[in-house]
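Notes for the one structure printed next.
All values derive from a computational prediction rather than experimental measurement. Every heavy atom of this structure was used, including side-chain atoms; hydrogens, water molecules and symmetry mates were not.
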Amino acid sequence: MVFDRVADEGVGGGMCGIVGFVNGGGRQADRDTVEAMTAVLAHRGPDGSGAFVAGPVALGHRRLSIIDVAGGAQPLANEDDSIWITYNGELYNEPDLKPALEAKGHRYRTRCDTETLVHLYEEDGEAFVERLNGMFALAIWDGPHRLLLLARDRMGQKPLYYAQLPGGGLAFGSEPKALLKHPDVPRELDRDGLARYLFYEYAPAPYSIWRGVRKLPRGHVLVWEDGRVRVSRYFPKPGDPRDPSPPPFEAAATRFWGSFRDAVARHRRSDVPLGVFLSGGVDSSSVAAALCEIEPAAAVHTFSIGFEDPSFDESGHARAVAEYLGTNHHERTFSVASVLDLLPEVACWLDEPFGDASILPTHLLSRFAREHVAVALGGDGADELMAGYPTFEAERAATFFRRLPRPARALAGAVAGRLPVDHRNFSFDFKLKQFLRGAAEPPALAHQRWLGSFSGVELTRLLVDPPPDVEAEHLALAERLAAAIPADPLGRSLELYQETYLSEDILAKVDRASMACSLEVRAPFLDACLVDEVRGLPSCYKYGGGTTKRLLKRAAADKLPAAILKRSKKGFGIPVARWLRGPLSPWLDRLLAPDRLRAQGFFRPEEVARLVREHREGVRDRRKPLWTLLMFQLWHERWNEG
């Protein structure tokens, strides 16, 4: 076998960047291309790089050292170098899997979890992913079978993009910027992808903003063999996720906390310093509380940030939790200028437009934590597993609203339209008007209207080219999920949130914002064992009696201050509405100028001008559509005009 491999000393697992390609027709792979693809992901792995080139295949890797810092360089092979892997992630059940593999005769050369993946694939083939409890994106080259396998973790914590190449080849990478370094991947915007971005505020899997570039959806495997590509889902599996004999609620809450503490214990495994993101909400506070039960509280490092605007500042709540638990707390307050200074930087490392403004404070928090630790635990996933968002409360109200006569609904809209605009975080008028955007729609569409920036009708008015029917696509996705996984209305909503908002917004935001400063963030709520347990419980355990995240709040009742458990969901936001009328106003004038829009040919200048005018004059709060447009323009300027 002829191959070329270079690698520095480093870790086998950890938060890394992976790339690679396989040529169709057996054409020899070139090392220059894979090294160029790998180099642009240096931020994901500053501790080293590696490449493997053999025949038609090339694999690349950038490493952030977390486990087995001194060994386990990637790409990594099995004992006879017939199977190779490049891997981004952490395998939390590796200590449980390794002894059985060793008993079967597999020989380990490192302490890293990457070797376990290779040997598990040797034993189980494609089905090996079903046994994994972790967050990962990986690629395996099976030399004897001339087969390339890609896989993404169950919940979508780690990203993985791919593109089919002329002649039957395939390229892949952790971020689109790596694929764009391959000479056969066109650097061309997908106008349908633009419409989907404006609808969701992100490009939903399997789509991307780049023509020909696709995202591997969460819980999926892709297999390339002889120029043919097959994509299949391994999680969630078809069938009812409910436990036929769930324990009583109180017993379920007690069991949940024990399972959650076990998940936190699995997620704390690291050879480098580790901390906790602490917002002062129940989710991150529960992570900190569980960790304080595992190790001395004074040894637990917690991190929070605050803002000068009091309506967006949660640092006082985080401080109260830290004092209650006795953690080693770190806090920093940021100004408007420090946040705005991030915008050009974000446009540089976001190679897809992203409309969730909380990516800015998430990056600030990540950068702050990275000064002290290399790994952080976060509270992501609890809202989507246990109905924590205000939208679930809104759905309850919407069931009554839909029963009202049409004139009564129209009157409610007219009254709401007369409310004065209030730019504070989650002000009453903003919540009411946002509620009315979706209240009369079917539940799946109502939730997306509440979360998103543009409806289907609004996209038709905005875009020069007719957009795809994104609302019909969204409803079709909801129906497919409901058919595969029968559940009650709340259960169906939770599955849809996990498929879209969690994996492609929340987790994508955390991955990009943290990896931009080489910080690994782990989510104990998304531990596979814990997810299975929660998914099997009745929906009334998650939301009931007007209480969101009912199970978690009961489980944490004697672990956290009562005031924290009673706090309403606030989110990790910044004062976008106010900034668009103040310090961001010049950005609107430049990036949304009519002449610029006409030259681009995407948006109708008169429609954009109306949105800007209404927001500036205080007629309507247009923070979400204007921010979504602004972030697209920043992305377009960096990646298409620069």
Side-chain angles (χ1 to χ4, degrees), residues 17-22 33-34 36-41 43-44 60 88 137 139 150 152 156 158-218 220 222 224 229 231 346-356 359 454 459 463-465 467-468 470 473 500 503-505 507-509 511-512 515-516 600-603 628-642:
I18 65 171
V19 303
F21 60 90
V22 59
T33 296
V34 75
M37 295 171 69
T38 305
V40 297
L41 298 183
H43 57 284
R44 298 189 70 92
N88 166 27
L150 309 181
R152 190 176 176 203
K158 293 292 106 185
L160 190 53
Y161 295 79
Y162 68 94
Q164 293 184 254
L165 305 175
L170 184 86
F172 67 89
S174 295
E175 298 177 13
K177 61 173 65 72
L179 290 172
L180 297 178
K181 286 294 183 179
H182 193 287
D184 292 333
V185 176
R187 193 187 185 99
E188 183 180 349
L189 180 143
D190 186 328
R191 289 186 178 240
D192 286 352
L194 170 58
R196 294 182 182 105
Y197 159 72
L198 295 169
F199 180 64
Y200 287 99
E201 301 178 5
Y202 54 87
Y207 309 105
S208 84
I209 196 70
W210 298 101
R211 186 174 301 279
V213 175
R214 308 278 279 187
K215 290 181 190 175
L216 186 64
R218 63 119 180 184
H220 277 65
L222 179 152
W224 177 96
V229 172
V231 179
V346 168
C348 286
W349 46 258
L350 272 182
D351 46 13
E352 282 197 288
F354 191 75
D356 186 339
I359 194 168
F454 292 93
L459 286 177
L463 294 171
V464 172
D465 293 338
V470 289
E473 286 182 357
T500 55
S503 62
E504 306 305 328
D505 183 305
L507 297 177
K509 170 190 69 180
D511 174 80
R512 295 305 187 87
M515 291 311 301
Q600 287 177 327
F602 302 135
F603 309 114
T628 301
L629 287 169
L630 183 67
M631 292 304 291
F632 171 79
Q633 292 292 77
L634 280 169
W635 169 83
H636 191 269
E637 182 177 54
R638 166 62 179 83
W639 290 95
N640 294 269
E641 301 172 20

Taking the six-membered ring of Tyr207 as reference, does the cationic atom of Arg196 (NZ for Lys, CZ for Arg) lie under 6.0 Å from its centre and within 45° of its axis?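 That pair qualifies as a cation-pi contact.
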Would you name the heavy atoms of [X] and [Y] that are closest together and state the gap between them?
X: Trp635; Y: Leu189; answer: CZ3-CD1, 3.5 Å
X: Phe454; Y: Phe199; answer: O-CD1, 3.2 Å
X: Cys348; Y: Trp639; answer: O-CZ2, 3.2 Å
X: Pro186; Y: Leu180; answer: O-CD2, 3.8 Å
X: Glu352; Y: Ala203; answer: OE2-CB, 3.4 Å
X: His220; Y: Leu216; answer: O-CD2, 3.6 Å

Hey, are Lys509 and Glu504 close enough for a salt bridge, meaning a charged N less than 4.0 Å from a carboxylate O? no
How far apart are the C-alpha atoms of Asp192 and Val470, what are their side-chain angles, what is the distance that settles it, and do they pass the side chain to side chain contact (heavy atoms under 4.5 Å, CB included) test? CA-CA 9 Å; Asp192 286 352; Val470 289; over 6 Å; no
For Arg187 and Arg211, what are the C-alpha separation, side-chain angles and deciding distance, and is it a side chain to side chain contact (heavy atoms under 4.5 Å, CB included)? CA-CA 8 Å; Arg187 193 187 185 99; Arg211 186 174 301 279; over 6 Å; no
Can you tell me how far [atom2] of [Y] sits from [atom1] of [X], rounded to the nearest 0.5 angstrom?
X: Arg44; Y: Ser174; atom1: CZ; atom2: OG; value: 4.5 Å
X: Lys181; Y: Thr38; atom1: NZ; atom2: OG1; value: 12.0 Å
X: Asn640; Y: Glu188; atom1: CG; atom2: CD; value: 10.0 Å
X: Leu194; Y: His636; atom1: CG; atom2: NE2; value: 9.0 Å
X: Ser208; Y: Tyr161; atom1: OG; atom2: OH; value: 7.0 Å
X: Arg152; Y: Tyr162; atom1: CZ; atom2: OH; value: 11.5 Å

Taking the side chain as every heavy atom from C-beta outward, state whether [X] and [Y] have any atom pair closer than 4.5 Å.
X: Leu463; Y: Phe603; result: yes
X: Thr33; Y: His182; result: yes
X: Leu170; Y: Leu222; result: yes
X: Pro204; Y: Thr500; result: no
X: Leu198; Y: Phe602; result: no
X: Asp356; Y: Tyr202; result: no
X: Val346; Y: Leu634; result: no

Show the numbers, then the answer: is there a side chain to side chain contact (heavy atoms under 4.5 Å, CB included) between Asp190 and Ile209? CA-CA 5 Å; Asp190 186 328; Ile209 196 70; over 6 Å; no
Tyr200/Phe354 under ring pair (Phe, Tyr, Trp, His ring centres under 6.0 Å): CA gap, chis, key distance, verdict: CA-CA 9 Å; Tyr200 287 99; Phe354 191 75; over 10 Å; no
Is a side-chain donor or acceptor of Tyr197 paired with a backbone partner of Thr628 at a separation under 3.5 angstrom? yes
I'd like to know if the side chain of Arg214 reaches the main chain of Ala163, judged simply by a donor and an acceptor atom lying under 3.5 Å from each other, with no hydrogens or angles considered.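 Judged by distance alone, no pair lies under 3.5 Å.
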Suppose we screen for salt bridge (charged side-chain N to carboxylate O under 4.0 Å, His left out). Which residues come up paired with Asp465, at least two apart in sequence or across chains?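 In terms of salt bridge (charged side-chain N to carboxylate O under 4.0 Å, His left out), with neighbours along the sequence ignored, Asp465 is linked to Arg191.
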Would you please name every residue forming a salt bridge (charged side-chain N to carboxylate O under 4.0 Å, His left out) with Lys177, sequence neighbours left out? Glu175, Asp351
